[in-house]
Amino acid sequence: MAPLKPPVWLDTNILIDIQNGQRAAASAAEKALSRRFENEILNLAKDGHEVLISPRVKFEFLKGARAQSGEKLLTDLRIVEDKMMTQVPRAQVWKWGNEGLNHGLSAFDSDVVAQVRAGGVARGIKNPVFLTRDSGGTLIAMRRRGVQALDFRAPEIRLKVPRNTPTPPEVPPPPAGSVAGEGLWSAAKAGFKAGLKEALKAENIAAMIPDLVLMVADKVAAREALKNIQVKFIKEGFAKGVAAGVMGWSEEEVASNLMNRITAFRVQGLEDPAGILTRATILQVAEAYENYAVAIGFQFSSAKDLKWKREMVAKGSKILHQYGYYFGTDPQALFEYEFIDKLAWTLQPTTNAIVEPAIRH
């Protein structure tokens, strides 16, 4: 018998969005969003995940005029209240709730996160998956309290990487020098929509490298060294972006923790024989390639469904365990650079196979 898949917990705001879209007076956009969310939840159940809500979420969702239609919604979507969380001592759940309050969460969010964490503990699950419509600072604060909080997005069309793009749309290059700012994210998103090969087109990445660097780097004797830098740091950056995506990182966390990580040690042996490329030039070029590839990898994995993400995490975690890596019991460790760096290393055979065909010089 195949092992049971871990459950997922839903936040109230997801249920309210679904219910709002079922109103007779709902707008076309509300109805479309409601249907997409319903389908995503049903697909989770079909994949073998039990879909749960904490007692606090159920109480909040069913109070007032929403009660009757709310009960029907829960039944139709096979969403059940988590009763196992009561196996954890109430004093401990209260303690976790107070910790959430002291770390920037609202009273409601603190209670919900504490109850989801308790439900995970009762099942022997570290960092149980909690799907929510919250984002930004609230999402980050939730993750620091023992749950894997993920921004619930059910895209209308799941992005796929096209194998052939005969007439690719024009991708606007980012402004020069914006290797970790808004320009990079805009270019990565636009490029990814056009396809992985288009996103990694040399001129799009080159637009982020200062012109002075390119003038020096365009010497014939340096071209082979540049190819080696390109391949190495696109592969490593893409793997890190994928790892961050499967772990549910936000764009803010990626930008602040994964960008600009090039060191002299990491570029050792990449010099050209003629010595045309200075160490400073190599560092700048490597940084531009890796930062951009991180953003592309993050876009790629963020567009995948929960099943794919969990399979990638399981694959990487198994290898980390085999090599003796241990990151302790603090959930915060899963949102640090050191963990993503190691997880990316375990996933590189898979991510290299995805990105290598798209690398063009």
Fill in: Residue list, side chain to side chain contact (heavy atoms under 4.5 Å, CB included) with Arg261, at least two apart or on another chain
Arg266, Glu290, Tyr337
Practice prompt. Using the side chain to side chain donor-acceptor pair (under 3.5 Å) rule, collect all pairs that involve residues 85-107, keeping only residues at least two apart or in two chains.
Written response: Ser106-Asp109
Discussion item. With heavy-atom distances below 4.5 Å as the criterion, would you say the side chains of Glu287 and Asn260 are in contact?
Written reply: yes
Worksheet item: Residues two or more places apart in sequence or in another chain: which of them pass side chain to side chain contact (heavy atoms under 4.5 Å, CB included) with Asp47?
Response: Lys5, His49, Lys307
Practice prompt. Just jot down the salt bridge (charged side-chain N to carboxylate O under 4.0 Å, His left out) partners of Lys309, sequence neighbours excluded, or say none.
Written response: none
Worksheet item: Strictly by modelled atom types, are Asn257 and Glu253 linked by a side-chain donor-acceptor pair under 3.5 Å?
Response: no
Item to complete: Sequence neighbours left out, what passes side chain to side chain contact (heavy atoms under 4.5 Å, CB included) with Leu270? Give chain and number order.
Response: Asn228, Ile229, Lys232, Phe233, Val267
Practice prompt. Could you list the residues that satisfy side chain to side chain donor-acceptor pair (under 3.5 Å) with Lys72, not counting sequence neighbours?
Written response: Asp76
Worksheet entry | ring pair (Phe, Tyr, Trp, His ring centres under 6.0 Å) partners for Trp345, two or more places apart | Tyr323
Discussion item. Parallel, tilted or perpendicular, judged at 30° and 60°: which one describes the rings of Phe152 and Phe37?
Written reply: perpendicular
Worksheet item: Please, which pairs that meet salt bridge (Lys or Arg N to Asp or Glu O under 4.0 Å) have at least one residue in residues 131-142, sequence neighbours excluded?
Response: Asp17-Arg133
Fill in: Residues forming a salt bridge (charged side-chain N to carboxylate O under 4.0 Å, His left out) with Asp111, sequence neighbours excluded
Arg56
Item to complete: Name all residues meeting the side chain to side chain contact (heavy atoms under 4.5 Å, CB included) criterion together with Ala26; count only those two or more places apart in sequence or in a different chain, and write none if there are none.
Response: Arg23, Glu30, Lys31
Practice prompt. Please assess Leu52 against Ile79 for the test side-chain contact (heavy atoms from CB on, under 4.5 Å), listing each intermediate value before the final yes or no.
Written response: CA-CA 6 Å; Leu52 303 171; Ile79 301 169; over 6 Å; no
Practice prompt. Let me see the working for Trp9 and Val147 under side-chain contact (heavy atoms from CB on, under 4.5 Å), right down to the final yes or no.
Written response: CA-CA 10 Å; Trp9 283 259; Val147 301; over 6 Å; no
Item to complete: Name all residues meeting the salt bridge (charged side-chain N to carboxylate O under 4.0 Å, His left out) criterion together with Arg279; count only those two or more places apart in sequence or in a different chain, and write none if there are none.
Response: Glu271
Worksheet item: Taking only residues two or more places apart in sequence or in another chain, which ones pass ring pair (Phe, Tyr, Trp, His ring centres under 6.0 Å) with Phe130?
Response: none
